[in-house]
Amino acid sequence: MQADELAKRKAIIDACLEMNRSGLNQGTSGNISVRHGEGLLITPTAMAYGSLEPEDIVYLAMDGTATGRHKPSSEWRFHRDILAARPETNAVVHAHPLACTTLAILNRPIPAVHYMIAAAGGPTVRVAPYAIYGSEELSQHAVAALEGRFACLLEHHGMIAIGPTLARTMWIAEEVETLAKQYLGCLQLGEVRLLSDEQIAAVVEKFAGYGLRA
Ligand code: 13P
């Protein structure tokens, strides 16, 4: 295995462990992929993150053919389809974070309650309509909800974040979960005041040059 591929596999495992440690996810309900060569590297289905070794990560070609000692995540379709639809994207993180999932159950998109929504690419984080996990239909809904955005919610399911690197995608996922917590808190006190589309557009522009430091 080339050093570059090994590094990506290790980074996927580290991100899985981190998302459970931080509370972004629980159990094996999330999955992560990173673009590699003509395809992608993706977590195996239903394997405890604590036992993952680099060889457990599955390579998936864009036609859906898997290479590895396990089956790919049951959500491989949306990982593959998002990477195909978004050439600027190199990582996809899916999790079931509590606040995001609560809003997704209520079918409530996250509005511009805080300027950090610009991390998700625009003034809203949309909700993709419900479809059974792993399905072609769910994948189509997710790709549509992500148009012009780096994150979306999945109705009665969870959240997806995407980005140019895995580190940035994890950052986006954490920020969107924080926004969801803030929005849920505001809803409890009544009417929520929002920033305008212009105010968010100005932050999106500023974020384009905001690099995550190692
Ligand atoms: P996998 O374990 O197959 O990745 O799927 C878990 C899940 O919750 C899908 O949304």
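All values below come from the heavy atoms of this structure, side chains included, with hydrogens, waters and symmetry mates left out.
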Practice prompt. Measure the shortest side-chain to side-chain distance between F207 and Y115 over non-hydrogen atoms and say whether it is less than 4.5 angstrom.
Written response: yes
Practice prompt. Tell me whether L184 is reachable from L195 by hopping between hydrophobic residues (I, L, V, M, F, W, Y) whose side-chain heavy atoms are closer than 4.5 Å.
Written response: yes
Worksheet item: Got a second to check how far M62's CE is from L40's CG, nearest 0.5 Å?
Response: 6.0 Å
Worksheet item: Is any side-chain heavy atom of I32 less than 4.5 Å from a side-chain heavy atom of V92?
Response: no
Worksheet item: By side-chain contact (heavy atoms from CB on, under 4.5 Å), which residues pair with T67, not counting sequence neighbours?
Response: Y59
Fill in: Co-membership, hydrophobic cluster, residues L6 and V58, 4.5 Å side-chain
no
Discussion item. I'd like to check E174 versus L24 (side-chain heavy atoms, cut-off strictly below 4.5 Å). Are they in contact?
Written reply: yes
Worksheet item: Is the shortest side-chain N to carboxylate O distance from E18 to R21 below 4.0 Å?
Response: yes
Fill in: Short side-chain to backbone donor-acceptor contact, H96 and S29, under 3.5 Å
yes
Worksheet item: Can you tell me how far CD1 of I110 sits from OH of Y183, rounded to the nearest 0.5 angstrom?
Response: 9.0 Å
Worksheet item: Mind checking who shares a hydrophobic cluster with L98, ILVMFWY linked at side-chain heavy-atom distances under 4.5 Å?
Response: none
Worksheet item: Parallel, tilted or perpendicular: which describes the rings of Y130 and H156, with under 30° parallel and over 60° perpendicular?
Response: perpendicular
Worksheet item: Would you say the side-chain atoms of R80 and S33 include a donor-acceptor pair closer than 3.5 Å?
Response: no
Discussion item. When you compare the side chain of R9 with that of M1, does any pair of heavy atoms fall below 4.5 Å?
Written reply: yes
Worksheet item: How about V176 and P97: do any of their side-chain heavy atoms sit closer than 4.5 Å?
Response: no
Response to the item:
Tested for ring-ring contact (aromatic ring centres under 6.0 Å, His included) against H94, the lone hit among F78, Y133, W76 is F78
Discussion item. When you measure from the side chain of E5 to the backbone of Q2, do you find a donor-acceptor pair of N or O atoms at a distance under 3.5 Å?
Written reply: no
Item to complete: Nearest 0.5 Å please: distance from the CD1 atom of I160 over to the CD1 atom of I172.
Response: 13.0 Å
Worksheet entry | Whether E75 side chain and G134 backbone form a donor-acceptor pair below 3.5 Å | yes
Item to complete: Decide if atom CZ of R193 counts as having more than 12 heavy atoms of other residues, nucleotides or ligands within a radius under 6.0 Å.
Response: no
Fill in: Closest heavy-atom pair and its distance - G30, N25
N-ND2, 3.1 Å
Worksheet item: Do you know the tightest heavy-atom contact between D56 and S51?
Response: OD2-O, 3.6 Å
Worksheet item: Are any non-hydrogen side-chain atoms of H157 and L138 less than 4.5 angstrom apart?
Response: yes
Worksheet item: Is any side-chain heavy atom of I42 closer than 4.5 Å to a side-chain heavy atom of I12?
Response: no
Discussion item. Can you list everything that forms a side-chain contact (heavy atoms from CB on, under 4.5 Å) with L189? Sequence neighbours excluded, please.
Written reply: none
Worksheet item: Can you check whether V192 reaches P111 side chain to side chain, under 4.5 Å on heavy atoms?
Response: no
Worksheet, complete the sentence: Smallest heavy-atom separation, M159 atom then C100 atom, equals CE-SG, 3.9 Å
Worksheet item: Any idea which heavy atoms bring P109 and V127 closest together, and the distance?
Response: N-CG2, 3.5 Å
Worksheet item: Would you say the side-chain atoms of N90 pair up with the backbone N or O of P164, donor to acceptor, closer than 3.5 Å?
Response: yes
Worksheet item: Does CD in E88 sit with more than 12 non-hydrogen atoms of other residues, nucleotides or ligands closer than 6.0 Å?
Response: yes
Fill in: Candidate list V125, I105, L106, test side-chain contact (heavy atoms from CB on, under 4.5 Å), partner L153, passing option
V125
Fill in: Considering all heavy atoms, the nearest A46-T28 contact
CA-OG1, 4.0 Å
Fill in: Residue R86 excluded, over 12 heavy atoms near CZ under 6.0 Å
yes
Practice prompt. Output the distance between atom CG (L83) and atom OG1 (T89), rounded to the nearest 0.5 Å.
Written response: 7.0 Å
Worksheet item: Measuring from I57:CD1 to S73:OG, what's the distance to the nearest 0.5 Å?
Response: 10.5 Å
Worksheet, complete the sentence: Closest non-hydrogen contact found for L154 with A142 is CD2-CB, 4.2 Å
Worksheet entry | From NE2 (H79) to CZ (R35), nearest 0.5 Å | 13.5 Å
Item to complete: Give the intermediate values and the outcome of side-chain contact (heavy atoms from CB on, under 4.5 Å) for residues M19 and Y49.
Response: CA-CA 10 Å; M19 74 176 176; Y49 301 153; 3.6 Å; yes
Practice prompt. Establish whether M116 and L187 are linked, either directly or via other cluster members, by ILVMFWY side-chain heavy-atom contacts under 4.5 Å.
Written response: yes
Discussion item. How about CD on E147, more than 12 heavy atoms from neighbouring residues, nucleotides or ligands closer than 6.0 Å, or not?
Written reply: no
